[in-house]
Amino acid sequence: MFHRIERRLARSVSSHLKERYGLDVPVVLEQPRQSRFGEVALPVAFQLAKPWRKSPRAIAEELARELPRIPGVASYEAAGSGYINVRLDRGWYGRALITGFPEEEEAPVDAGKIIVEHTNINPNKAAHIGHLRNAVLGDTFVRMLRALGRRVEVQNYIDNTGVQVADVVAAFHFLEQKSPEEVAALVAEQDRFDYYCWDLYARISAHFQGNPEALRWRQQALHAIESGQGPLAELGRIVADAVMQAHLRTMLRIGVQYDVLPRESEILHLKFWATAFELLKQRGAIVFETQGKNAGCWVMPAAAFSETAGEDEGKIIVRSDGTVTYVGKDIAYQLWKFGLLGKDFHYRPLWRYPDGQTLWVTSDTPGDEPAPVFGAGDWVYNVIDSRQSYLQDVVAAGLRALGFEEQARRSVHFAYEIVALSPRTCAELGIELSPEERQRAYVEVSGRKGLGVKADDLIDKLIERAHCEVEARHPDAPESERAEVARQIAVGALRYFMLKYTRNAVIAFDLQEALSFEGETGPYVQYAAVRARNILRKLQSQGQALPDFAAQLDQAAMARQLAQEDFWQLVLTSSKAGSAIERAVASGEPAHVAKFAFQLAQAFNNFYHAYPVLQEPDAERRTFLLWLTAYFRSELARVLGILGIPVPEYM
RNA sequence: GCGCCUGUAGCUCAGUUGGAUAGAGCGUCUGGCUACGAACCAGAAGGUCGGGAGUUCGAAUCUCUCCAGGCGCGCCA
């Protein structure tokens, strides 16, 4: 609500300056440092002071007198050395929150399709905390976009034919000497096959370290997987499929769903790369090197993606043995995402999510069920950690070199920093550190070393902790209910933890901190929502219905109640959810929504403590407080929904 | 060597496009529950915004420079 009146105000001031003075300056709106200065501050007088050769204060006073009155604004006043402070009409504003804000003809939001690709875990081992950050960031960004009415498609790329899968295949075949049938049996009987692979991957990585000659196993497995023939290829299918499904289950635990899973095997089989290769050659985006260190390779010249790189620092796209690098395949995939490849996958439904949504996976043969149109986006966001920014630059440069300037501009690397482990947590997990590592603030996780915190382990621990708390507080509640509440609290704790940091902060993961439910945490925010609901529930359990707010709270009543500063501040904060979401989308920073949710929860907890709503003797005030509680609750629930955090029945 | 990122309270981090007296959580200390259930609330202490120079009416924010740390720069992904 607040962002609407802000927009209206900005438009009004801007058109006034234009009509009265012929000025076309951007109007900046600020939040005054202190609430007693009003709700919005305009520093525009400072900008005009120099050209007008007048003091900012004098300009502010002049403008404050002149600015046209608009509904909802009570006053403009010059303040300080030249601010114009704007006060809202509290009664009008409160009433508008009940009856709805008079809509104006807004420019329709760009209806383009946005593709967000996230998660993207190699299907050869269990997911770890780093993957959780990726998925939570991506999923929350998607929820934010959808909340603003944007059309979004969520993709999760499955690299099911890559080196990492080949390594685990080689481990099953050569180290463990297991047949595809035996591994398939293992998948069926193992509770957590992805955990088994986690250890196996660490084992074979160590084996490669000590026995470099064993690396030919990897080559053998890779070739078999690419050709699709023989027991190694069969193993590859079994492993990748089983681990991928484990990942999907893990992500579903924390509320993350996808629309489609594009797989590398189809990129290969459907000759996506061959098509992209032709395109790149035709348009001269890559060149064949006949001499120098890259002789025999197809290379993208460095000038395409870097201003400072030297002549011979091009990026190899096709190796001298004719095989394509990962970046090459990524360019083909990116072209498909924009609908520029001239080819499409076939699709088949893989899952039906509990909410009814269908999850599709690519296929190399036409399926029976008609699939939605995938790909062909107008914007593409790739959620990938910031270490890969160089490669993402190369992918965008590939599009540019093909003449797709606009699509290159609309290829966004949604980068974030890694999740590392705090030394304390390493010690708790029994991870031995070298003396150098112990000196550092954090230690990087490593799949190859099997060093890290598995996603499901963390979720299990969070549920266990939450369950203890719930049991202690609600000993009489049915166990099935408590289990559900514990799960929801765990999701809240995890998702909030992953979102409270801005993207380019390295998270030094600390188990104790992540397991904390106090202070700036998900459960704190959930608790505020539960408290609000408890008030309303208590009312009903006393046999009273919720008042008809629209009938009982007119503008005058709102003005009377909102004259109390505490109430006004809580209403105002509650109404700023839209601003927070818009700001978060504009900056690509989901943390802004998380921080807002926390601040809002804090404001309510403060109010909750100071004003016993149900004990309020004055009838109008009691009705108002109930409305305030209901309004806060629905706004917080909406924001939590965008963060993917459920509101438990009780806590 | 080149490129990108980071440096804000004891610790972990916010800080909108440059705006009024730099914020939060944790930790420390002091208070507050037969309750709309304290996963909470109130209060206190704690800051040369890495150093220096510059631009500006105004700088944590922009520019330059120095210092410290992280990451990237594979015919790996």
Side-chain angles (χ1 to χ4, degrees), chain A residues 26 28-34 37 41 43 46-47 49-50 55-56 79-83 85 122 159 162-164 293-299 306-310 313 315-321 323 325-327 329-330 385-391 393 415 417-418 420 422 440-442 444 466 469-470 472-474 489 493 500-502 504-508 510 513 516-524 526-528 530-539 542 579-580 583-584 586-587 589 591-592 594-595 598-599 602 605-606 608-615 625 629 650-651:
Chain A
V28 176
L29 301 184
E30 285 172 20
Q31 185 175 333
R33 188 106 214 103
Q34 288 180 33
F37 291 141
F46 295 106
Q47 281 170 269
K50 197 156 210 178
S55 81
S81 52
Y83 283 93
N85 289 331
N122 270 299
D159 185 5
V163 173
Q164 294 210 19
K293 64 174 186 177
N294 295 335
C297 300
W298 286 90
V299 175
S306 167
E307 286 171 4
T308 53
E313 291 181 42
K315 178 67 194 167
I316 291 167
I317 304 298
V318 179
R319 305 182 186 101
S320 56
D321 66 359
T323 57
T325 60
Y326 176 80
V327 193
K329 283 183 272 194
D330 225 19
D385 78 69
S386 53
R387 291 176 300 189
Q388 300 205 41
S389 57
Y390 163 70
L391 295 174
D393 287 347
E417 272 293 348
I418 57 164
S422 76
R440 306 180 55 152
Y442 53 83
E444 203 174 327
E469 299 287 334
V470 176
R473 285 155 216 251
H474 302 277
I489 292 170
K500 68 194 265 193
Y501 302 93
T502 48
N504 57 15
V506 175
I507 299 181
D510 188 81
E513 207 186 309
S516 162
F517 296 160
E518 287 164 18
E520 196 195 339
T521 65
Y524 174 94
Q526 290 173 307
Y527 192 51
V530 167
R531 282 176 138 180
R533 187 146 77 190
N534 283 350
I535 294 174
L536 303 173
R537 189 163 36 211
K538 178 88 174 211
L539 180 81
Q542 290 172 351
S579 313
R583 186 156 39 88
S587 59
E589 204 62 88
H592 290 157
K595 293 272 175 195
F598 175 68
Q599 281 164 15
Q602 221 173 15
N605 273 336
N606 182 326
Y608 177 91
H609 196 260
Y611 300 95
V613 172
L614 297 177
Q615 253 105 89
L625 293 177
T629 302
Y650 52 81
M651 282 179 77

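Proteins come first, then strands; the chains are lettered A, B, ... in the order of their sequence lines, and each starts at number 1.
Proximity note for F598(A) (side chain, C-beta onward) versus G25(B), C5(B), A20(B): the nearest is G25(B). Residue C297(A) has its side chain nearest to C75(B) when only A20(B), C75(B), A38(B) are considered. The listed nucleotides are C36(B), A39(B), A24(B); the one nearest the side chain of Y608(A) is C36(B). Picking from U12(B), A77(B), A39(B) the nucleotide with the shortest atom distance to the side chain of E513(A) gives U12(B). Distance from the side chain of R531(A) is smallest to C40(B) among G72(B), A20(B), C40(B). Nearest nucleotide to the side chain of T325(A), out of C13(B), A77(B), A20(B): A77(B). For N606(A), the side-chain atoms get nearest to A42(B) when compared with the rest of A77(B), A38(B), A42(B). Comparing U6(B), G25(B), A77(B) by their nearest atom to the side chain of Q388(A) picks out A77(B).
Base pairing of G7(B): its partner is C67(B), meeting the Watson-Crick or G-U wobble criterion (both donor-acceptor distances under 3.5 Å). Base pairing of G18(B) is not made with any nucleotide, judged by Watson-Crick or G-U wobble geometry with both donor-acceptor distances under 3.5 Å. Nucleotide C2(B): paired with G72(B) (Watson-Crick or G-U wobble, both distances less than 3.5 Å). The partner of U56(B) cannot be assigned: no Watson-Crick or G-U wobble pair with both contacts below 3.5 Å exists in any strand. Partner assigned to A42(B) is U30(B), using Watson-Crick or G-U wobble distances below 3.5 angstrom. Under the Watson-Crick or G-U wobble criterion, with both distances below 3.5 Å, C13(B) is paired with G23(B).
Of the side-chain N and O atoms in N504(A), none sit less than 4.0 angstrom from OP1 or OP2 of C5(B). Put simply, Y390(A) has no side-chain N or O that comes within less than 4.0 Å of OP1 or OP2 on G72(B). For the OP1/OP2 pair of A39(B) and a distance below 4.0 Å, the side-chain nitrogens and oxygens of R473(A) include at least one atom meeting the criterion. The side chain of R440(A) contributes an N or O atom lying less than 4.0 Å from OP1 or OP2 of C71(B). Within the 4.0 Å cut-off from OP1 or OP2 of A77(B), at least one side-chain nitrogen or oxygen of R319(A) is found. Look at Q602(A) and you'll find a side-chain N or O under 4.0 angstrom from OP1 or OP2 of G25(B). Distances shown here put a side-chain N or O of Q615(A) below 4.0 Å from the OP1 or OP2 atom of C36(B). OP1 and OP2 of C36(B) both lie 4.0 Å or more from every side-chain N or O belonging to H609(A).
In this structure, the separation between OG1 on T629(A) and CG on L536(A) is 6.0 Å, given to the nearest 0.5 Å. Distance check: I317(A) CD1 to C297(A) SG gives 10.5 Å after rounding to the nearest 0.5 Å.
Across all strands shown, A415(A) has no heavy atoms under 4.0 Å from either base or sugar-phosphate atoms. V327(A) comes within 4.0 angstrom of no nucleic acid atom, judged by non-hydrogen atoms across all strands. Counting any heavy atom pair closer than 4.0 Å across all strands shown, P612(A) reaches a base atom. Nucleic acid contact class of Y524(A) (heavy atoms, under 4.0 Å, all strands): sugar-phosphate only. Among the atoms of the strands shown, base atoms are found under 4.0 Å from some heavy atom of L391(A). Contact annotation for D159(A): backbone-only contact, meaning every heavy-atom pair under 4.0 Å involves sugar-phosphate atoms and none involves a base. Heavy atoms of Y611(A) sit under 4.0 angstrom from at least one base atom. Counting non-hydrogen atoms under 4.0 angstrom, V470(A) reaches a base of the nucleic acid. Looking at heavy-atom distances under 4.0 Å, A505(A) makes contact with sugar-phosphate atoms alone, never a base. As judged by a 4.0 angstrom heavy-atom cut-off over every strand, A472(A) is placed among residues making no nucleic acid contact.
With both ends at atom P, the span from A60(B) to G1(B) equals 32 Å, rounded to whole Å. Comparing G51(B) with G46(B), their C1' atoms sit 23 Å apart, to the nearest whole Å. Comparing the same atom, P, in A44(B) and in C11(B) gives a spacing of 23 Å after rounding to whole Å. Separation of the P atoms belonging to U21(B) and C2(B) is 41 Å when rounded to the nearest angstrom. Of the P atoms belonging to G15(B) and A24(B), the separation is 15 Å, rounded to the nearest Å. For the C1' atoms, the distance from U61(B) to G18(B) is 6 Å, rounded to whole Å.
The distance between atom CG of D385(A) and atom P of A77(B), rounded to the nearest whole Å, is 16 Å. For R387(A) and C76(B), the CZ to C1' distance is 13 Å, given to the nearest whole Å. Rounded to an integer number of Å, the gap from CD1 of I418(A) to P of C71(B) is 7 Å. Here the C1' atom of nucleotide C36(B) and the NZ atom of K538(A) are 7 Å apart, to the nearest Å. A straight line from CD of E417(A) to P of U6(B) spans 9 Å, rounded to a whole angstrom. When the C1' atom of G37(B) is taken as reference, atom CD1 of I535(A) falls 12 Å away, rounded to whole Å. Rounded to an integer number of Å, the gap from CD of E518(A) to C1' of A38(B) is 9 Å. Atom CG in L536(A) sits about 12 Å away from atom P in G37(B), given to the nearest Å.
Evaluation of atom-type donor-acceptor distances gives a pair under 3.5 Å for the side chain of N85(A) against the base of A20(B). Counting atom types as modelled, S320(A) pairs a side-chain N or O with a base atom of C75(B) as donor and acceptor under 3.5 Å.
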Quiz item: Taking it one step at a time, do L391(A) and D330(A) satisfy side-chain contact (heavy atoms from CB on, under 4.5 Å)?
Solution: CA-CA 9 Å; L391(A) 295 174; D330(A) 225 19; over 6 Å; no
Practice problem: Would you sort out whether Q526(A) and I489(A) count as a side-chain contact (heavy atoms from CB on, under 4.5 Å), showing the intermediate values? | Solution: CA-CA 8 Å; Q526(A) 290 173 307; I489(A) 292 170; 4.2 Å; yes
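Put simply, the side chain of N605(A) reaches to within 4.5 Å of the side chain of R531(A), judged on heavy atoms. Using a 4.5 Å heavy-atom cutoff, the side chains of E520(A) and K595(A) are in contact. Side-chain atoms of R473(A) and Y650(A), non-hydrogen and from C-beta on, never get closer than 4.5 Å to each other.
Y524(A) and G519(A) get closest at one heavy-atom pair: CB-O, 3.0 Å.
Salt bridge absent: E589(A) and R583(A) never bring a charged side-chain N and a carboxylate O closer than 4.0 Å. Classification of D321(A) and R319(A) as a salt-bridged pair fails, no side-chain N sitting under 4.0 Å from a carboxylate O.
Residues Q31(A) and Q164(A) both approach RNA chain B. Their nearest nucleotides, taken by heavy-atom distance, put Q31(A) toward the 5′ side. Place A508(A) and E444(A) on RNA chain B by their nearest nucleotides, and A508(A) ends up nearer the 5' end.
Taking a centre distance below 5.5 Å and an interplanar angle below 30 degrees as the stacking criterion, F37(A) stacks against the six-membered base ring of A20(B).
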